[in-house]
Trainee: 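This structure is in structure tokens; I'll ask about it shortly.
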Amino acid sequence: MLGEEQRGSAGFIPARFGSFSAFGSLLAAASPRPSSSDTKSREAAEGRMFRPDIKESLQRAAGRRDVDVFQLNLSTKKLTGLPDLSRFHFLRELWLNNNKIRELSCPSLNCCLTELYLHNNNIPSISGALKHLTCLRVLLLHNNRLRGLEDTMSELRRMQQLRTATFFLNPISHEAGYRHRVIHRLPSIQALDGKGVESAERRRSFQMFNQERHRVLQSVAFGRRATG
């Protein structure tokens, strides 16, 4: 079973990180915290739900222009929802892990996002939240409260480039046939819950969920052998 920042051997995480410690700590430097007087005046003026350090992080974005922000770390900020990130048109990698997110709504997220880290939150469902993120290659959702495996897979069905995903430590991971069902519904997946997807697992998933087609293919193959 994976730990909080572990996903298995090299190859299951983007190559540039090299290790889970490096992967988990990237962009982890905290933004300067504003003064209490500034915080109160901004909160009163803006009516924000988010903590002052979140506002500061979004305002500063590591001192870069919005168009230059490709990676954004909002992990461990006690967020209960997602801030508006629509200004970051070229955002590719987003860390939202280790927060307190209960309701997931991501209409402001760039549809070209490739990596999304949502593990260690309180998310009960992703239905209607992620289907537009068709370029995702990495999606971590372990240690949440996800229920309804079929609904979860339906939300991800358009993600044909998804390579790495985690769902363990969720109620859905205890549903019957969980691993094979995920492999069947997400055919592009190469690593699930930190374990590489083997060819034998793909064949077994095909047999389990495409039984009629499997029988036809087996009959055709048998016929070829018999007449060969």
Trainee: How long is the span from the NE2 atom in H184 to the CZ atom in R204, to the nearest 0.5 Å?
Mentor: 13.0 Å
Trainee: With a 4.5 Å cut-off on side-chain heavy atoms, are E201 and R179 touching?
Mentor: yes
Trainee: Could you check whether any side-chain heavy atom of K77 comes within less than 4.5 Å of a side-chain heavy atom of N98, counting everything from C-beta outward?
Mentor: no
Trainee: Between the main-chain N or O of E150 and the side-chain N or O of S154, is there a donor-acceptor pair closer than 3.5 Å?
Mentor: no
Trainee: Taking atom CZ as the centre, does R145 end up with more than 12 heavy-atom neighbours from other residues, nucleotides or ligands that are less than 6.0 angstrom away?
Mentor: yes
Trainee: Do I189 and L162 come close enough that some side-chain heavy atom pair is under 4.5 Å?
Mentor: yes
Trainee: Output yes when a side-chain donor or acceptor of N97 lies under 3.5 Å from a complementary backbone atom of L118, and no otherwise.
Mentor: no
Trainee: Sequence neighbours excluded and cut-off under 3.5 Å, please list the side-chain donor-acceptor pairs for residues 126-134, or say none.
Mentor:
from: S127; atom 1: OG; to: S125; atom 2: OG; distance (Å): 3.4
from: H132; atom 1: NE2; to: C106; atom 2: O; distance (Å): 3.1

Trainee: With rounding to the nearest 0.5 angstrom, report the CZ to CD distance, R163 to Q161.
Mentor: 6.5 Å
Trainee: Find the distance between CD1 (I123) and CG (L104) and round it off to the nearest 0.5 Å.
Mentor: 5.0 Å
Trainee: Give the C-alpha distance, both sets of side-chain angles, the deciding distance and a yes or no for side-chain contact (heavy atoms from CB on, under 4.5 Å) between N110 and L85.
Mentor: CA-CA 8 Å; N110 182 356; L85 303 176; over 6 Å; no
Trainee: Can you find a pair of side-chain heavy atoms, one from T114 and one from E93, that are under 4.5 Å apart?
Mentor: yes
Trainee: Between the side chain of R181 and the main-chain N/O of Y178, is any donor-acceptor distance below 3.5 Å?
Mentor: no
Trainee: To the closest 0.5 Å, what do you measure between CG (L141) and CZ (F168)?
Mentor: 11.0 Å
Trainee: Please check if the number of heavy atoms outside E103 that lie under 6.0 Å from its CD is greater than 12.
Mentor: no
Trainee: Should we count CZ of R185 as having more than 12 external heavy atoms under 6.0 Å?
Mentor: yes
Trainee: Kindly give the heavy-atom pair with the smallest separation between S108 and P83, and that separation in Å.
Mentor: OG-O, 3.8 Å
Trainee: Answer yes or no: is there a donor N or O on one side and an acceptor on the other, between the side chain of N121 and the main chain of L79, under 3.5 Å?
Mentor: no
Trainee: Is the shortest side-chain heavy-atom distance between H142 and D193 below 4.5 Å?
Mentor: no
Trainee: Side chain of N99, backbone of L74: donor and acceptor closer than 3.5 Å?
Mentor: yes
Trainee: Return the CD1 to CD distance between I183 and E198, rounded to the nearest 0.5 Å.
Mentor: 9.5 Å
Trainee: With the side chain counted from C-beta on, respond yes when Y117 and N73 share a heavy-atom pair under 4.5 Å apart, and no when they do not.
Mentor: no
Trainee: What is the distance from atom CG of L82 to atom CD1 of I101, rounded to the nearest 0.5 Å?
Mentor: 5.0 Å
Trainee: Could you point out which residue of V138, L192, L139 forms a side chain to side chain contact (heavy atoms under 4.5 Å, CB included) with T164?
Mentor: V138
Trainee: Honestly curious: do V67 and L91 fall in one hydrophobic cluster under the side-chain, below-4.5 Å linking rule?
Mentor: no
Trainee: Between L169 and N120, is any pair of side-chain heavy atoms under 4.5 Å apart?
Mentor: no
